[in-house]
> 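Below is the structure I would like to discuss, written out as C-alpha cells.
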Amino acid sequence: DEWELERTRQRLGFATPELKLFQFHIYRRVVKELSEAESRRTGRDADDFEVRVFFGALAGALMAVLDQEPGSVELMYRALDFIEAGMPLQ
C-alpha cells in the first residue's frame with residue numbers, strides 16, 4: 001500500500017549516506033522556514049535564539065525518530081510528547 005511504500009522510501013533514504021546528508025540539509029531549511037513563519041506570527045526576530053532552538057529541537061526529535069524507525073507514527077507522537085513534557089532525562 002501507499003504507506004508501506006513511503007516507509008520503504010524513508011528507510012532507503014536514511015540508509016544511503018548521500019541521501020541522509022541531503023535530508024539533513026532539508027531539515028536545516030525547515031528550521032529556518034519555520035522560524036521565519038513564527039517570527040511573522042509573533043513579531044519575534046527569525047534569528048531569535050529561543051525560536052530557532054525550539055524548531056531545531058522539534059526537527060531534531062523527528063530526525064532521531066526517522067533515523068531509528070522511518071515512518072513510525074507512534075514514535076513521532078512519542079517524541080512530541082517528550083518535548084511537550086520538557087524533555088526530562090531521569
> Who are the side-chain hydrogen bond (donor to acceptor under 3.5 Å, both in side chains) partners of S39, not counting sequence neighbours?
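Counting only residues at least two positions away or on another chain, S39 forms no side-chain hydrogen bond (donor to acceptor under 3.5 Å, both in side chains).
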> With sequence neighbours excluded, tell me which residues meet salt bridge (charged side-chain N to carboxylate O under 4.0 Å, His left out) with E84.
none
> Starting from F49, walk the hydrophobic network (Ile, Leu, Val, Met, Phe, Trp, Tyr; side-chain heavy atoms closer than 4.5 Å) and list everyone else you reach, by chain and number.
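When side chains under 4.5 Å apart are linked, the cluster holding F49 also contains V53.
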> Taking only residues at least two apart or on different chains, which pairs with a member in residues 52-65 satisfy salt bridge (charged side-chain N to carboxylate O under 4.0 Å, His left out)?
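Matches after skipping sequence neighbours: none remain.
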> Tell me, please, which residues at least two apart from L34 pass side chain to side chain contact (heavy atoms under 4.5 Å, CB included).
V30, F55
> Treat each ILVMFWY residue as a node, draw an edge where side-chain heavy atoms are under 4.5 Å apart, and state whether Y27 and L21 are in one component.
no
> Who pairs with D47 by salt bridge (charged side-chain N to carboxylate O under 4.0 Å, His left out), at least two apart in sequence or on another chain?
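Applying salt bridge (charged side-chain N to carboxylate O under 4.0 Å, His left out) to D47 gives none.
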> For A37, check side chain to side chain contact (heavy atoms under 4.5 Å, CB included) against everything at least two apart and list the hits.
R40
> Name all residues meeting the salt bridge (charged side-chain N to carboxylate O under 4.0 Å, His left out) criterion together with R41; count only those two or more places apart in sequence or in a different chain, and write none if there are none.
E38
> Counting only heavy atoms not in F82 (residues, nucleotides, ligands), do more than 12 fall under 6.0 Å from its CZ?
yes
> Might you work through the side-chain contact (heavy atoms from CB on, under 4.5 Å) test for L58 and L80, ending with a clear yes or no?
CA-CA 8 Å; L58 184 61; L80 294 174; 3.3 Å; yes
> So which atom in I83 and which in A61 form the shortest heavy-atom distance, rounded to 0.1 Å?
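So the two residues come closest at CD1-CB, 3.6 Å.
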> For P17, check side chain to side chain contact (heavy atoms under 4.5 Å, CB included) against everything at least two apart and list the hits.
none
> List the residues meeting side chain to side chain contact (heavy atoms under 4.5 Å, CB included) with E18, not counting sequence neighbours, and say none if there are none.
T16
> Atom CD1 of I26 and atom CD of E33: how far apart are they, to the nearest 0.5 Å?
10.5 Å
> Could you work out, with salt bridge (charged side-chain N to carboxylate O under 4.0 Å, His left out) as the rule, every residue matching R78, not counting sequence neighbours?
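Residues passing salt bridge (charged side-chain N to carboxylate O under 4.0 Å, His left out) with R78: none at all.
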